[in-house]
Every structure is written in structure tokens, then in C-alpha cells.
Undergrad: 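Let me begin by handing over the structure; questions about it come next.
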Amino acid sequence: MVNSKLSSTVGWDIGGAHLKLAYLEGETLKTHQWACPLWKGIIELSRLLNMASSMLPESITHHNVTMTGELADCFEDRDDGVKQIIDCFIKEIKSDDVKIFSQNRSLDANEAKKQSDRVASVNWIASAEVIAQKCKDAIFIDMGSTTTDMLVINNKQLQLNGLTDYERLKSGELMYTGVVRSCVNTICPDVIYKNEAVPLIAENFAVTADVYRILGLLPEHADLGETMDGQAKDKISSLKRFARMVGEDYIESNYDDWVTSAEYIATQQKNRIINKVQEIIFHHKSIRKIIGAGVGRFVIKEVADQLDLSYQDFADCIVPSEIKYDAIANDCAPAVALVFYQ
């Protein structure tokens with residue numbers, strides 16, 4: 001039997017590219033994700049919050065919120081972003097019971113706006129702390145559309161080398177690389193094409209969604225935004241975008257060469273994660289397990305296999321056995337975590 005507190009709680013994760021939410025309906029965990037191009041303005045979030053709130057069951061009274069959307073360049077700075085997002089949420093959701101996730105506790109809206117530095121970009125802490133309650137030793141890796149978070153859990157304690165994005169970028173716990181929105185020239189400076197290294201053009205013609213679509217690995221629901229050229233999301237269209245990265249046009253006779261090039265970029269991205277995992281294991285030899293989340297967890301499974309580590313999906317680790325859920329729950333880890341966060 002699901003307790004009443006869980007049944008009345010919804011977790012929200014407000015990103016710069018997506019809005020995600022999770023809640024319980026009976027004994028089923030519901031998760032949803034929508035494209036939210038916040039860089040176009042706060043109106044994008046207002047529209048989606050209004051729509052999403054209309055879907056919620058009447059039993060929902062408590063709203064837990066976390067965010068990374070304050071980084072969007074429609075805001076003057078991060079402080080402005082936190083305040084605008086909170087104000088927008090309060091206006092659209094119209095609930096007296098809203099808590100904003102902070103670095104180690106939840107705050108009401110007014111407190112959160114006064115402590116914006118503790119609220120900005122901490123959704124990863126919510127996910128990792130819930131994992132730490134369930135798992136003694138593991139590396140938690142959430143590889144999404146845009147970023148990859150890599151957190152160490154040792155003896156049920158979250159081990160951190162930084163809290164801010166700046167600190168986490170330096171430590172490697174935050175990598176700005178994902179399986180949908182990362183421009184391919186951020187993965188490596190050149191690519192193997194027709195058996196030779198060719199520099200990639202410094203343009204945003206193709207992204208990693210194109211790479212993984214060419215390889216047949218991208219989950220259908222993963223790519224919710226617009227393509228770089230506004231054209232279709234099929235393999236041939238991705239091949240055309242990808243070919244432009246070395247100044248070529250796609251022709252069918254070169255298909256195998258482009259697949260090889262896509263495999264090369266995917267391998268370079270995976271190797272960056274492997275190198276960080278190996279560094280972590282060197283310092284934490286008791287860790288032999290990876291817990292994966294995000295739409296890019298298919299890459300994380302490959303990392304675990306390659307390093308002979310055990311693997312478990314995020315939701316399998318934290319969701320109680322009596323609750324049913326779909327695989328998409330793993331794509332919305334922070335939102336799901338805020339349903340179960342104690």
C-alpha cells in the first residue's frame with residue numbers, strides 16, 4: 001500500500017531544454033517530459049506548466065521543485081533565473097504547498113529566492129542522495145540530452161568535489177556532453193572519414209542525436225527539440241546534417257563511411273566517460289557498480305560492460321517494489337527522486 005504522503009507529491013525538474021515531472025497515481029509512477037526551450041523566454045515555461053498542472057490528479061497537493069533552467073540566456077544571470085522560474089511556477093501552479101529543493105534541504109519559495117545560489121542547478125543532488133539511501137557503494141551516472149553527471153557514493157555517503165557548476169566542471173563530476181543536444185565538434189576536433197582524419201567544421205550543423213540516430217541507438221522519445229536545420233528526424237536527414245560537418249553532401253554510396261564516422265564520434269564520447277569512471281575506481285576500489293539514468297543510459301550500460309562493472313537502472317534502485325513504472329522514469333531521475341526524497 002502506497003503511503004498518503006507519496007500519493008500527494010509531485011516532483012518537478014525545470015531545465016533549460018525540458019520540463020519533467022513525476023507523481024504517483026494509485027500504485028503506478030507516472031512520468032512526463034516535454035521540450036521547453038527556455039532560452040526563448042519564460043513564456044515557454046508558463047505555457048507548459050499550465051498544461052502539465054491540468055493533468056495532475058486531484059490527490060496531488062504537494063509540489064517539490066528543482067531546476068537547472070536558470071542557466072538559460074533569456075535571464076540576466078543565475079539569480080534572476082531562479083527568481084523568475086520560481087515566480088512563474090507559483091503563478092501557474094497556484095498551490096500553497098510548494099518546496100524548492102536546495103543543496104541539502106527544501107525551502108519555501110521566498111526562502112529559495114533569497115538563497116538562489118543554493119537552489120541553482122542542484123537537481124543532481126536530489127537524484128544522488130536518494131540513491132545513497134539505497135546503495136552502499138556505486139557510481140551514479142545520469143547522461144541526458146545535454147549533460148552527464150557522475151557522482152560517487154561510498155559507504156552510503158555522497159562524495160562531492162564541488163557544488164557549483166564551475167567547481168563540478170573542473171572536477172569532471174559535470175560533463176557538458178549528452179546524447180541529443182551536444183554539437184559533434186564538441187566531442188572531438190576531427191573525425192575518421194574514408195580512412196583518414198578530417199577536421200570538423202566549427203558549425204552547428206549536426207548534434208549527437210544525429211550520430212546516435214545514424215547508429216540506430218537513439219530512443220524514439222529522446223529527441224524532443226528542433227533539429228539544427230529544422231528538417232526531419234530520420235536517418236537520412238541526420239546523415240545529410242552529419243555530412244556537412246566535413247564539408248560534404250551525403251550520397252548513398254558513402255553510407256558505410258558515414259556510419260564509421262558516427263561510430264568514431266560515439267566512441268570518443270564514451271571514452272571520455274570511461275576515463276572518468278576509471279579515475280573514480282582507482283580512488284574508490286570498493287566500487288564495482290554503476291547506476292545509470294537519463295536518455296543516454298544506453299551509453300552508460302556500454303561503459304559498465306566494457307569495464308566489467310555491474311549495472312542497474314536508477315528506477316530499479318529507488319522505486320518500491322509494489323509500484324509500477326515505465327522505463328521513461330529513468331529519463332526523469334531528479335523529478336522521480338523528489339517524489340521519494342525524505
Side-chain angles (χ1 to χ4, degrees), residues 15-18 35-41 44 68-75 81 121 143-149 165-166 169 172 174-273 275-276 294-296 298-299:
H18 300 95
C36 182
L38 197 48
W39 59 87
K40 293 183 178 181
E44 297 290 330
T68 57
E70 77 285 342
L71 287 169
D73 49 17
C74 66
F75 304 123
S121 299
M143 188 175 192
S145 63
T146 312
T147 61
T148 299
D149 291 296
D165 283 349
Y166 171 69
L169 283 166
L174 170 61
M175 297 182 182
Y176 254 83
T177 193
V179 297
V180 178
R181 300 181 63 244
S182 297
C183 295
V184 296
N185 53 25
T186 66
I187 308 297
C188 48
D190 52 38
V191 69
I192 300 302
Y193 176 61
K194 293 186 175 179
N195 297 317
E196 60 183 347
V198 182
L200 289 168
I201 289 175
E203 290 282 358
N204 300 336
F205 293 134
V207 291
T208 42
D210 294 307
V211 169
Y212 288 110
R213 191 178 290 113
I214 290 167
L215 299 178
L217 297 174
L218 188 71
E220 288 186 11
H221 64 277
D223 187 6
L224 299 178
E226 296 178 357
T227 59
M228 300 309 286
D229 60 0
Q231 300 303 309
K233 296 177 182 179
D234 56 63
K235 183 177 286 191
I236 296 300
S237 297
S238 285
L239 284 161
K240 289 178 179 178
R241 288 187 286 269
F242 191 48
R244 295 187 188 113
M245 293 302 300
V246 295
E248 288 268 84
D249 292 320
Y250 170 71
I251 55 174
E252 188 175 355
S253 60
N254 288 342
Y255 174 83
D256 289 343
D257 293 309
W258 290 120
V259 170
T260 298
S261 297
E263 289 173 342
Y264 178 82
I265 288 178
T267 298
Q268 296 303 304
Q269 187 180 46
K270 181 173 65 176
N271 284 346
R272 185 178 172 191
I273 298 169
N275 290 341
K276 182 60 180 177
V295 293
F298 63 91
V299 176

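Counting begins at 1 with the first residue of the sequence.
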Undergrad: If we ignore hydrogens and angles and just use 3.5 Å, is the side chain of Ser237 paired with the main-chain N or O of Lys233 as donor and acceptor?
TA: no
Undergrad: Do any N or O atoms from the side chain of Thr148 and from the backbone of Thr177 form a donor-acceptor pair under 3.5 angstrom?
TA: yes
Undergrad: Near Glu226 CD, under 6.0 Å, is it more than 12 heavy atoms from other residues, nucleotides or ligands?
TA: no
Undergrad: Nearest 0.5 Å please: distance from the CG atom of Asp165 over to the CG atom of Leu71.
TA: 5.5 Å
Undergrad: Do you know the tightest heavy-atom contact between Asn185 and Glu203?
TA: ND2-O, 3.1 Å
Undergrad: Quick one about Ser121 and Glu70 (side-chain donor to acceptor, distance below 3.5 Å, no hydrogens or angles considered), yes or no?
TA: yes
Undergrad: Does the salt bridge (Lys or Arg N to Asp or Glu O under 4.0 Å) test come out yes or no for Lys240 and Asp229, once each step is laid out?
TA: CA-CA 10 Å; Lys240 289 178 179 178; Asp229 60 0; over 6 Å; no
Undergrad: So, for Gly69 and Phe75, which heavy atoms are closest and what is the spacing to 0.1 Å?
TA: O-CE1, 3.3 Å
Undergrad: Just by distance, no angles: are the side chains of Gln269 and Tyr264 close enough, under 3.5 Å, to form a donor-acceptor pair?
TA: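 Judged by distance alone, the side chains do not pair up.
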Undergrad: If you apply the rule side chain to side chain contact (heavy atoms under 4.5 Å, CB included), what do you find for Met175 with Thr147, and how did you get there?
TA: CA-CA 6 Å; Met175 297 182 182; Thr147 61; over 6 Å; no
Undergrad: Closest approach of Leu218 and Ala222, non-hydrogen atoms and distance?
TA: CD1-CB, 4.0 Å
Undergrad: Evaluate Val207 against Met228 for side chain to side chain contact (heavy atoms under 4.5 Å, CB included), listing each step before the verdict.
TA: CA-CA 8 Å; Val207 291; Met228 300 309 286; 3.7 Å; yes
Undergrad: Taking Gly178's backbone N and O only, do any of them form a donor-acceptor pair with Thr208's side chain (distance below 3.5 Å, no angle check)?
TA: yes
Undergrad: Side chains of Ser145 and Arg181: donor-acceptor distance under 3.5 Å anywhere?
TA: no
Undergrad: Is a donor on one side and an acceptor on the other found under 3.5 Å between the side chain of Asp210 and the backbone of Leu239?
TA: no
Undergrad: Would you sort out whether Phe298 and Val179 count as a side chain to side chain contact (heavy atoms under 4.5 Å, CB included), showing the intermediate values?
TA: CA-CA 10 Å; Phe298 63 91; Val179 297; 4.1 Å; yes
Undergrad: In terms of side-chain geometry, is the basic nitrogen of Asp223 or Arg213 positioned less than 4.0 Å from the acidic oxygen of its partner?
TA: yes
Undergrad: Set out, in order, the CA-CA distance, both residues' side-chain angles and the distance that settles side chain to side chain contact (heavy atoms under 4.5 Å, CB included) for Ile201 and Val246, then state yes or no.
TA: CA-CA 6 Å; Ile201 289 175; Val246 295; 6.0 Å; no
Undergrad: Under 3.5 Å, is there a donor-acceptor pair between the side chain of Asn275 and the main chain of Asn271?
TA: yes
Undergrad: What pair of heavy atoms forms the shortest contact from Leu200 to Val184, and how long is it?
TA: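 Where Leu200 meets Val184 most closely, the heavy atoms are CD1-O, 3.9 Å.
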Undergrad: If you take all heavy atoms of Ile187 and Ile265, which pair is closest and at what distance?
TA: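 The pair with the smallest heavy-atom distance is CG2-O, 3.5 Å.
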Undergrad: Only pairs under 3.5 Å count here: list side-chain donor-acceptor contacts from residues 251-259, not counting sequence neighbours, and write none if there are none.
TA:
unit_1: Asn254; atom_1: ND2; unit_2: Tyr193; atom_2: OH; d: 3.3
unit_1: Tyr255; atom_1: OH; unit_2: Lys235; atom_2: NZ; d: 3.4

Undergrad: For Ala262 and Val211, work out which heavy atoms get closest and say how close.
TA: O-CG1, 3.5 Å
Undergrad: Rounded to the nearest 0.5 Å, what's the gap from SG on Cys183 to CE on Met245? Could you check?
TA: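 So the SG of Cys183 and the CE of Met245 are separated by 7.5 Å.
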Undergrad: Going from CD1 on Ile214 to CD1 on Ile236, what distance comes out if it is rounded to the nearest 0.5 angstrom?
TA: 9.0 Å
Undergrad: So does Asp234 have more than 12 non-hydrogen atoms from other groups sitting under 6.0 Å from CG?
TA: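 Result for CG/Asp234: enclosed.
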Undergrad: Quick check: Phe205 with Phe242 (ring centres under 6.0 Å apart)?
TA: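 Centroid separation for Phe242 and Phe205: 6.0 Å or greater.
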Undergrad: Atom CD in Glu263, atom CG in Leu217: separation rounded to 0.5 Å?
TA: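 Glu263 atom CD to Leu217 atom CG measures 9.0 Å (nearest 0.5 Å).
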